[in-house]
Every structure is written in C-alpha cells, then in structure tokens.
K.L.:
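A single structure is presented below for examination.
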Amino acid sequence: MESKKLIKGRGAQINPHNKYKAQQYDQYFIEGIDTYEEESNRTSFIPSQAKTLVHKVDSPDVGMSYSANPYQGCEHGCIYCYARNSHQYWDMSAGLDFEKKIIIKENAPILFKEFIRKKGWDFQPIHLSGNTDCYQPIERTKKLTRQILTIALDHRQPISIITKNSLILRDLDILQDLAKENLLKVYVSITSLSEETRKKLEPRTVTAIQRLKIVEELSKVGIPTGVNVAPIIPGLTDHEIPSILRHSAQSGALWANYIIVRLNGQIGEIFHDWLLVNYPERCNKIWHAIQSCHQGNVNNSVFGQRMKGTGEVAEVIKAAFHLHCKKNQLNTTKFSFAQRTESLNYGQQLQLFNQ
C-alpha cells in the first residue's frame, strides 16, 4: 500500500463522513492538486450569533459544572481532541473541517453577561475551554475571551481556564485582578516535551518550552496554575510523565492532572489514519496499547473509567503519575474559589469596584 502524502500543518489527514449528513465526504484528498497547499489548506472563519454560551456540565468526572466556549472548532488541530465530534452538529466533519472551519460566536460576551446576571445565579465557577481552546489563534484579533474575562472581573464571577497557547499572557492584567479575588484557576496542557512529537500531535500549538514559560509567568504574578498532562498516549508519550511533572513543578505549577487518551466517536478513525501517516511502523503497537486501557476498545464511556482507563497499562501510568507528583510536591496546595451568597446587579458591582 502506497503511503499517503502528509498534509503539513494539520492534525487530521481526512474528512470522515458526517453521520448526520446523507452525502458522503471524500475520505482522502486527491494528490497532485497543486493549489491544495495554497488555497484549500487555509483556515476559514464563520461568524455566528449563538443562542446560548454557558452550558451545564452533567458529566461527574470532568471537574467542572459549567462551561463556555466562544469558538467552535479549533485551529490547533490536536489529533486526539474529544471535541472533534461536536463539529458534526454544525453540518461539518470531525476531521479536517474541525481545524480548518472555525465558528466564531461573535455575541459570546453579551451572552456571558446575560447569563451571570440572571436572577438566582449562584456564581459557580465557569470553565473556559471546556470544548475548544479559548486562546486559539483567532482570539488574537477577536478578543472574545478577553471581553468575557473583563465581564467576569466586573461581576466577580469565578473562572477556570485550560489552554495550550501563550496568548493567555496577553491578558495578564485581567487575570491578575481575578486571581487577587480568588476568582481564577488556570491549567496549561502539556502532552509532550518532544518538539518532534508535538508537531505531529498538535501542529498549530506553541512548543512545550513556551507552555512551561506560561506556567512560570502566571505563577510568578500569583495566578494559581496547574498542568494537565493530557492526553497520555500509551506507547507514545507515557514515558514522558516524570520529565513533564518535574519541569512543570520547577516552573511553578501547583497541581497536575492526567487523562489517558480515549478515541470516542469518529476520533478513532481519524486517529488511526494519523498513526498510519506519522508512525507507520509503530501504529499497531500504539493502537493496541490504547485498547489495553479501555478493555479492548479505544474508547470507554463509563464514568470513572473513561478518563483514567483500566487494566495493567493504565495502572502503571497511574502509579508513575502519582509517584512523580509526590516527588515534585504537586497537588499539595489547597485552593477554593471565592464564594458569593447573593448576586449583585451591575450598578452595585461598579460601586463595589470603585470603593
């Protein structure tokens, strides 16, 4: 079988059929089209007026109760991203469409303000990037995340963020003010310290060195920061657990979490194709290692098992992670968001901040 040509700068190499569409996508792009790299591989942006922004999260094992995502789809192109499947709801593919066609919820700040000003809202923490990274490249110009953070500060709304983009450092001024009020917690995702691996796994993200710099810069100014070693891909990145945790702690991280990769929905097809393109000799070994963590499958939807896996390989990963967290004194600091017992209207908020 002749190997496929790599589509540079992209994670997914195919656009699998959207199960909600009657018409089949072409599985592979035809080689030999000279204009593909110049035109077809460009990212396009689709403006949208969303109906809602903040959503209740019912899953008991994700560590959040509410999430808000100003962007749908993500240019970072992380091959493993669980959010890929959601792009099908927008009449697009979970493959290349997810990272090439980004929906911008232009009214996101308005929807956010309306939500937290609702009567009876109890100011539970709202997580940014529960689905896609709120600091992906288009945020540089759209500034939807920055507007949301400004509104959160004005209303003393607790916020948690997870990102893998150094663009978050642009908003240090607002983030510092939120942190002073115990209204902010940040996690930085680090999947691999290898630049070669990073380029394949997450082609349009910043380097691991830059991510450690994010941890350092945030920690230096008093913003409580942790790292998310996620996803751990057995047979590919699991050996990096000790070094990632050591470097993260040295950079000032207070906490660490991990997730073992799970390939739900169409991500299994997309990921397997990616393995064949990027690691043809190791494809079967990595694939079987992932299966060993999910009872012979590459996905497990059972709460309590799906994130950490089961079986011998998952137990080895768990033991290594906790051992090196202990060695590096991670997860020993307690943190609690500031709590509000009653909501304040916007005028009262402004008066409070002017005192």
Side-chain angles (χ1 to χ4, degrees), residues 7 9-29 36 39-59 62 64 67-108 111 127-139 142 144-145 162-165 189 191 200-205 230-231 259 261-275 277 298-299 301 306:
I7 303 174
R10 296 296 178 185
Q13 302 292 301
I14 58 174
N15 248 348
H17 175 56
N18 182 336
K19 65 181 181 180
Y20 301 111
K21 289 177 69 74
Q23 185 176 356
Q24 175 75 30
Y25 273 91
D26 288 335
Q27 283 275 333
Y28 299 95
F29 289 95
Y36 178 76
E39 297 179 6
S40 301
N41 204 28
R42 292 178 179 174
T43 305
S44 59
F45 301 97
I46 305 166
S48 170
Q49 294 295 308
K51 294 181 179 179
T52 58
L53 182 76
V54 182
H55 299 280
K56 183 79 172 67
V57 179
D58 295 321
S59 301
V62 295
M64 68 181 83
S67 70
N69 298 277
Y71 307 103
Q72 168 62 34
C74 186
E75 195 174 357
H76 284 161
C78 304
I79 189 60
Y80 51 75
C81 183
Y82 60 83
R84 285 181 174 274
N85 290 313
S86 63
H87 225 49
Q88 296 177 91
Y89 303 141
W90 298 78
D91 207 27
M92 289 180 272
S93 170
L96 279 160
D97 281 354
F98 176 79
E99 53 197 271
K100 286 175 53 183
K101 299 178 181 179
I102 312 301
I103 297 171
I104 302 169
K105 302 175 186 177
E106 295 189 324
N107 59 335
L111 292 175
H127 184 74
L128 300 183
S129 303
N131 199 42
T132 58
D133 201 320
C134 65
Y135 280 109
Q136 60 179 286
I138 191 60
E139 166 63 19
K142 290 299 181 180
L144 298 181
T145 300
I162 186 166
T163 187
K164 55 188 67 170
N165 197 329
S189 290
T191 311
K200 295 176 180 179
L201 273 175
E202 309 161 338
R204 299 199 178 196
T205 59
I259 298 172
V261 71
R262 63 186 186 98
L263 307 172
N264 55 312
Q266 287 196 327
I267 303 170
E269 178 184 357
I270 296 166
F271 190 91
H272 191 269
D273 177 81
W274 173 85
L275 279 177
V277 173
V298 292
N299 180 34
S301 298
R306 59 182 190 153

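Here the structure is a predicted model, which means the values were calculated and not measured.
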K.L.:
In chain order, what residues pass the side-chain hydrogen bond (donor to acceptor under 3.5 Å, both in side chains) check against Ser129, with sequence neighbours excluded?
P.N.:
none
K.L.:
Check Tyr80 against Ala230 and note the closest heavy-atom contact, atom names and distance.
P.N.:
OH-O, 4.2 Å
K.L.:
Within this structure, what is the OG1-NE2 distance for the pair Thr205 and His76, rounded to the nearest 0.5 Å?
P.N.:
6.5 Å
K.L.:
Going by the salt bridge (Lys or Arg N to Asp or Glu O under 4.0 Å) test, which pairs reach into residues 72-82, not counting sequence neighbours?
P.N.:
Glu75-Arg204
K.L.:
Judged by atom type as modelled, is there a donor-acceptor pair below 3.5 Å linking the side chain of Thr163 to the main-chain atoms of Tyr135?
P.N.:
no
K.L.:
Measure the spacing between CD1 of Ile138 and CD1 of Ile102 and express it to the nearest 0.5 Å.
P.N.:
9.0 Å
K.L.:
Going by side-chain contact (heavy atoms from CB on, under 4.5 Å), name the residues that satisfy it together with Ser48, two or more places apart in sequence or in a different chain.
P.N.:
Trp90, Ile103
K.L.:
For the CD1 atom of Ile270 and the CG atom of Leu263, what is their distance to the nearest 0.5 Å?
P.N.:
10.0 Å
K.L.:
Between Trp274 and Leu201, is a side chain to side chain contact (heavy atoms under 4.5 Å, CB included) present by the stated rule, with each step listed?
P.N.:
CA-CA 9 Å; Trp274 173 85; Leu201 273 175; 3.6 Å; yes
K.L.:
Taking atom NZ of Lys56 as the centre, does the number of heavy atoms from other residues, nucleotides or ligands within less than 6.0 Å exceed 12?
P.N.:
yes
K.L.:
Between Thr145 and Pro70, which heavy-atom pair has the shortest distance, and what is it?
P.N.:
OG1-CG, 3.8 Å
K.L.:
Ignoring hydrogens and angles, state whether a donor on the side chain of Gln72 or His87 is under 3.5 Å from an acceptor on the partner side chain.
P.N.:
yes
K.L.:
Who pairs with Asn264 by side-chain contact (heavy atoms from CB on, under 4.5 Å), at least two apart in sequence or on another chain?
P.N.:
Tyr82, Asn85, Arg262, Ile267, Asn299
K.L.:
Kindly write out the residues that satisfy salt bridge (charged side-chain N to carboxylate O under 4.0 Å, His left out) with Lys105, not counting sequence neighbours, or none if the list is empty.
P.N.:
none
K.L.:
May I ask you to test the Asn165-Pro137 pair for a side-chain heavy-atom distance under 4.5 Å?
P.N.:
yes
K.L.:
Run the ring-ring contact (aromatic ring centres under 6.0 Å, His included) test against His272 and tell me which residues pass, sequence neighbours left out.
P.N.:
Trp287
K.L.:
Going from OG on Ser67 to CD1 on Ile162, what distance comes out if it is rounded to the nearest 0.5 angstrom?
P.N.:
12.5 Å
K.L.:
Might you work through the side chain to side chain contact (heavy atoms under 4.5 Å, CB included) test for Gln266 and Arg84, ending with a clear yes or no?
P.N.:
CA-CA 8 Å; Gln266 287 196 327; Arg84 285 181 174 274; over 6 Å; no
K.L.:
With Glu202, which residues qualify under salt bridge (charged side-chain N to carboxylate O under 4.0 Å, His left out), at least two apart?
P.N.:
Lys164, Arg211
K.L.:
Under the criterion side-chain hydrogen bond (donor to acceptor under 3.5 Å, both in side chains), which of Arg10, Lys101, Glu99 is the partner of Thr43?
P.N.:
Arg10
K.L.:
At what distance, to the nearest 0.5 angstrom, does CD of Glu106 lie from CD1 of Ile46?
P.N.:
11.5 Å
K.L.:
Name all residues meeting the side-chain contact (heavy atoms from CB on, under 4.5 Å) criterion together with Thr132; count only those two or more places apart in sequence or in a different chain, and write none if there are none.
P.N.:
Asn69, Tyr71, Cys74, Ala83, Phe98, Gln136
